[in-house]
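To start, the structure under review is shown below, and the notes come after it.
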Amino acid sequence: MASTTAVRAALKSQRIETPSWAYGNSGTRFKVFAQQGVPRDPFEKVADAARVHAFTGIAPSVSLHIPWDRVDDYAALAEHADAHGVTVGAINSNVFQDDDYMLGSVTNPDPRIRRKATDHLLACVDVMDATGSRDLKLWFSDGTNYPGQDDIRARQDRLAEALAQVYARLGGDQRMILEYKFFEPAFYTTDVPDWGTAYAHCLKLGERAKVVVDTGHHAPGTNIEFIVALLLREDRLGAFDFNSRFYADDDLMVGAADPFQLFRIMHEVVRGGGLDAGTEVAFMLDQCHNIEPRIPGQIRSVMNVQEATAKALLVDAEALEAAQRAGDVLGANAVLMDAYNTDVRPLLADLRGELGLAPDPMAAYAASGHAERIRAERVGGAQAGWGA
C-alpha cells in the first residue's frame, strides 16, 4: 500500500477543471429549466468557477466554450480569472450549432462549409494564445443518418485534412485533444465514434495530439477503464470529461450513476502514472445541471472525483500484484474491494483542514450565503445557457 504521506501528497496536488457551461442554464432536448442567480456572461461564469475552487481547493481552472463564451477581449477575461484566483483551461470549439453544419462541419461535402468550420477551429487557437490556454478540445457531431448519404472514407479524409491544418497552427506547448462519441446526432455513421478512430488520427498528427475520454460517450457495458489503461500505456490520454450516464450521454454529476466505475477508472489512472508529478492528463468535468443548483453540483462532482481518487490511491499495489501473479482471482478482487469500501471522507476532511478549507465543502457553501447573494445581484439581462 502506498504510504500515507504519498497518498496525502497526491490528493493535495490533484487538479480538476470545471466547465463554464455547467454554470449556465442547461438541460435536455425537451426542456431547459432556468434558475435564479445564473451567470449572464462569461465573466460571471468564471466567478462561479472561482467559488468552486474556493471551497474545494483543487479546481483552479475553468474550460471555455467558443462561441458560448465569446467576449471582445479574451486577455481581459483571463485577467479577470486571475483576479478571482483561477485560470482559463481548455478552449472548446463549437461546430455543431450553426445551420450550415446540418450535413457536417469539417467533414461536410461542401468545401465552403469545411473552410468555415476549420477557420473557427483556428480562431479558437487565437483564443488560446490570448488566454494562455494549453488545450484545444475538439468534438464533432459530424456523421450521417442514412446509408449512402455520403462517402464514409472521404469524410475521414476531410477530417484528417482539417485536423492537420489546425495542428500545424498550434504553438509552444499547446495541445490538440480529440473527443469521441459513438452516436448522436449522427445515427448511421459518426465520423469520430470511438477511441480507436480518435487515436488513429492523433497518431498521424503528432505527439501533441491526444485523446479525450468522456465517461458518458460509450455504449452500455463498455469497459472504460480498459480504454484508459491502453491510452495511458501509449501516452495518448490527453484528458477526461467526467460525468455520469444511465442511458446515453446524460451529462449527470460524475459518480452519480456508477461510483464503482469511477473508482475502477481512477485505479487505472493511478496504475498508469496519470497522477504523477508532471502528468499531462487533464481531469475535467463536462456536465449540464438540469434540476440541481449549478455551483453545488460542481462542488459535489469535484468531491466525488476526490473520493474515487483517494480510494484508488489506497489500493495495496504489492498485495494486488502478488495475488495476480499467484492466479488468486478472489484475493486480487478483494484487494480492490477493500480499497473501494474504505470510507475516505475523514481523510479528505482532514486534508481540507490542512489546506485551510472547511472539511465539508457542500455545507460550507450552503452556509456562506453566496447563493442568496448571486440571486439578488444577478437580476435582469439574459442568462447564459446553451448557445450563450
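These numbers come from the heavy atoms of this one structure, side chains and all, not from hydrogens, waters or symmetry mates.
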What's the shortest heavy-atom distance between [X] and [Y], and which atoms?
X      : Y      : value
Ser93  : Trp139 : OG-N, 4.5 Å
Arg134 : Ala282 : NH2-CB, 4.0 Å
Met284 : Ala239 : CE-CB, 3.4 Å
Ala49  : Tyr23  : CA-OH, 3.4 Å
Asn145 : Phe187 : OD1-N, 2.9 Å
Arg40  : Val379 : NH1-O, 3.3 Å

Quiz item: Hey, quick one: are Phe260 and Val315 part of the same hydrophobic cluster, counting side-chain heavy atoms closer than 4.5 Å, chains of contacts allowed?
Solution: yes

So does [X] pair up with [Y], basic N to acidic O under 4.0 Å?
X      : Y      : result
Asp249 : Lys181 : yes
Asp98  : Lys116 : yes
Glu321 : Arg325 : yes
Arg114 : Glu161 : no
Lys137 : Asp241 : yes
Glu280 : Lys210 : yes

Under 3.5 Å, side chain of [X] to main-chain N/O of [Y], donor-acceptor pair present?
X      : Y      : answer
Arg378 : Gly37  : yes
Thr18  : Val62  : no
Gln35  : Glu292 : yes

Quiz item: Considering the options Arg271, Arg264, His267, which one meets the side chain to side chain donor-acceptor pair (under 3.5 Å) requirement together with Glu225?
Solution: Arg264

Mind checking whether [X] and [Y] have side chains closer than 4.5 Å, heavy atoms only?
X      : Y      : answer
Ile374 : Ile295 : yes
Thr118 : Val166 : yes
Trp21  : Asp286 : yes
Asp48  : Gln298 : no
Phe242 : Asn304 : no
Val71  : Phe43  : yes
Val192 : Leu159 : yes
Asn108 : Asp142 : no

To the nearest 0.5 Å, tell me how far [X] [atom1] sits from [Y] [atom2].
X      : Y      : atom1 : atom2 : answer
Leu285 : Phe240 : CG    : CZ    : 12.0 Å
Leu231 : Arg233 : CG    : CZ    : 11.5 Å
Thr107 : Asp191 : OG1   : CG    : 4.0 Å
Ile152 : Asp157 : CD1   : CG    : 12.5 Å
Leu103 : Asp110 : CG    : CG    : 9.0 Å

Exercise. Begin from the C-alpha positions of Asp214 and Asn243 and carry the test side-chain hydrogen bond (donor to acceptor under 3.5 Å, both in side chains) through to its verdict.
Key: CA-CA 7 Å; Asp214 185 307; Asn243 51 54; 3.0 Å; yes

Exercise. Take Gln165 and Arg115 through the test side-chain hydrogen bond (donor to acceptor under 3.5 Å, both in side chains) and record every step on the way to the result.
Key: CA-CA 11 Å; Gln165 290 182 46; Arg115 183 71 263 161; 3.1 Å; yes

Exercise. Over 60° means perpendicular and under 30° means parallel, so classify the ring planes of Trp195 and Tyr199, tilted if in between.
Key: tilted

Quiz item: Any side-chain donor paired with an acceptor under 3.5 Å for Asp194 and Thr197?
Solution: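 Thr197 and Asp194 do have a side-chain donor-acceptor pair below 3.5 Å.
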
Residues 360-370, side-chain donor-acceptor partners within the protein, below 3.5 Å, at least two apart:
residue : atom : partner : partner atom : Å
Asp360  : OD1  : Met362  : N            : 3.1
Asp360  : OD1  : Ala363  : N            : 3.3
Ser368  : OG   : Tyr365  : O            : 2.7
Ser368  : OG   : His370  : N            : 3.2

Self-check item: All pairs passing side-chain hydrogen bond (donor to acceptor under 3.5 Å, both in side chains) where residues 79-89 contributes a residue, at least two apart
Solution: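 Of all non-adjacent pairs touching residues 79-89, none passes side-chain hydrogen bond (donor to acceptor under 3.5 Å, both in side chains).
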
